[in-house]
Number of protein chains: 2
Amino acid sequence: MSQQRSERPAGSDSRPARSAAGLSADGSPGHGLPERGAPASELPDLPEATVARLPEYLRALHVLADGGGDVVSSEELAQAAGVNSAKLRKDLSYLRSNGTRGVGYDVGQLIDKIEHVLGLNQHRAVALVGVGNLGQALAGYGGFGSRGFHIAALFDADPTRVGDRIAGLSVRHIDELAEVVATEHIAIAVIATPAHAAQAVADALVDCGVTSILNFAPCVLSVPENVDVRKVDLAIELQILSFHEHRKSTLTALPEAIS
Amino acid sequence: MSQQRSERPAGSDSRPARSAAGLSADGSPGHGLPERGAPASELPDLPEATVARLPEYLRALHVLADGGGDVVSSEELAQAAGVNSAKLRKDLSYLRSNGTRGVGYDVGQLIDKIEHVLGLNQHRAVALVGVGNLGQALAGYGGFGSRGFHIAALFDADPTRVGDRIAGLSVRHIDELAEVVATEHIAIAVIATPAHAAQAVADALVDCGVTSILNFAPCVLSVPENVDVRKVDLAIELQILSFHEHRKSTLTALPEAIS
DNA sequence: AGGCGCTCGTGAACGCGTGCACAAATCGTG
DNA sequence: CACGATTTGTGCACGCGTTCACGAGCGCCT
């Protein structure tokens, strides 16, 4: 979940306590015209697995849009995103699908809808903590802008690094965290520090009001319930591949062959 | 995994699709004495979700071992790995658990077993293609050695980069791929190129005999069935966090209202 | 207008993964 | 040796996620 999927520490269910409340009713029983002028209530209440796939659909849609396509069938889009078409349709159905039967989906409309659901309209500011090897690479990665984010600030604890300019930003000392997070309205942070420093950084981030963390440090972070953490560990990914590699090699040594 | 896994995997999830072949037969019905001197049959046929967690257990175990611990209870280890203790026990039970009831697990023994199952004993050689921003960071990351891998070769298509020395390795041109993969016995490769080059690189890797790929390029790779691919996409991880952030904010903002 | 082909939307079945709760096994102690 | 304190191993039930298969709507062509 999956990258590898990161597990939520305490509350297994990501859904907040508030009971199903009033988002069940559409509000408009007549359900006259679909979206368009309508403000459209938020929170279609998506399954986690669907949320994890929406970004992939979005990326594929952008490729299609750049190619000049204006409508896609579920089959096309599914192939471009590397998933099953039925799964794709079900995923899209969760967000009040605007597909047209017999035709397909309007690319532009679908892009808007997914970006809206993911909250990408506001081009979120992200803080990056740890300007080491990996941190510098992340800061220099230019692909974020087109995908709804921008690195708003860089932090490090090492005084010799403070003041360095990377990708047009100057590295600030971690003590300035609270101030910058507040002024830049940062809600998402990336931790790219060594493992031994990660928990302290996470604590500081949480204290500043950051509620989503992407953790590249190879360690488990302990955070309050309302904070989301996703973890990316390169070595773990390689080890998973190693397992499959190991299995393959011990398998080819056996009798039956491949198709 | 990846990924991707993403699966992926799931994690978010990028689980390698694999048809269930006939790997069921254990071969040793009597299985007299446990491990120890015995060569121990391979392939306990683990669930993917378990495989994705084993590396996390392994990391936690190494931390415990460095701390001097020689036995751990499932509860301790589970907490260190950030999972449920029942889940941990079930996971470990798949690999002929050597836990002792009333005591716990032998740390060293468990490390050996997991490393063996994951195929980490042979310190696998990994090729890294694309020595750009991210590629250089990955090449410079020193943490691989202690986790069962070493970067054996760096490749790039840009002639101006060929010959550069990064982390003690000199960058080779991608045309040398086949030769190096063969001599270094490389089965796992990392793609850190721009998206538009990734598919071509993947094809070249597959042609050389590489059967596991970790893909950092934001695109879907098409590979033969016997090749495992895990994907890591930083922007996707951020977008998933963005969704949760978006949900949180629209939830705290209005108890019952529409725009 | 009517029929036909295409594609979305979704009900239902299936399988995997998770977590509970308890029996089995082991160690330490009197 | 017997008993109690632990901790593993696992049967079982539940819920989520995936997939199939098909009905429902839409556009096009005659």
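In the text below, chain A, chain B and the rest are named by the order of the sequence lines, each starting its count at 1.
The nearest whole Å value for the distance from the CG atom in B/L54 to the P atom in C/dG17 is 13 Å. Note: CG (A/N98) to C1' (C/dC8) measures 12 Å, nearest angstrom. Per the geometry, CG belonging to A/D91 stands 7 Å off P belonging to D/dT18, to the nearest Å. For B/L88 and C/dC20, the CG to P distance is 14 Å, given to the nearest whole Å. Per the geometry, CG belonging to B/L92 stands 16 Å off C1' belonging to C/dG19, to the nearest Å. Following rounding to the nearest Å, A/E75 (CD) and C/dG9 (C1') show an atom-to-atom distance of 15 Å. If you take CD of A/E48 and P of D/dT18, they are 12 Å apart, rounded to a whole angstrom. Regarding A/K87, its NZ atom lies at a distance of 21 Å from the P atom of C/dA13, rounded to whole Å.
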Contact state string [nucleotides 20-30 of chain D, B base, S sugar-phosphate only, - no protein heavy atom under 4.0 Å]: BB-BBBBS---
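Within the 4.0 Å cut-off from OP1 or OP2 of C/dG9, at least one side-chain nitrogen or oxygen of A/Y105 is found. The side chain of A/S74 contributes an N or O atom lying less than 4.0 Å from OP1 or OP2 of C/dC8.
For B/P47, the listed nucleotide lying nearest its side chain is C/dG17; candidates were C/dG17, D/dT10, D/dT7.
For the pairing with A/F216, the side-chain contact (heavy atoms from CB on, under 4.5 Å) check across A/D233, A/V232, A/T193 returns one residue only, A/V232. Checking each of B/V107, B/D106, B/I111 against B/Q109 for a side-chain contact (heavy atoms from CB on, under 4.5 Å) leaves exactly one that passes, namely B/D106.
B/Q79 CD: 12 or fewer foreign heavy atoms inside a 6.0 Å radius.
For the salt bridge (charged side-chain N to carboxylate O under 4.0 Å, His left out) condition, the pairs that include at least one residue of residues 74-93 of chain A, sequence neighbours left out, are A/R53-A/D91.
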Criterion side chain to side chain contact (heavy atoms under 4.5 Å, CB included) on B/L58 and B/L120, from CA distance to verdict: CA-CA 11 Å; B/L58 186 58; B/L120 299 177; 3.6 Å; yes
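In this structure, the side chain of A/E245 does not engage the main chain of B/I188 through any donor-acceptor pair within 3.5 Å.
Inspection of the A/Q199 and A/S222 side chains reveals no N or O donor paired with an N or O acceptor under 3.5 Å.
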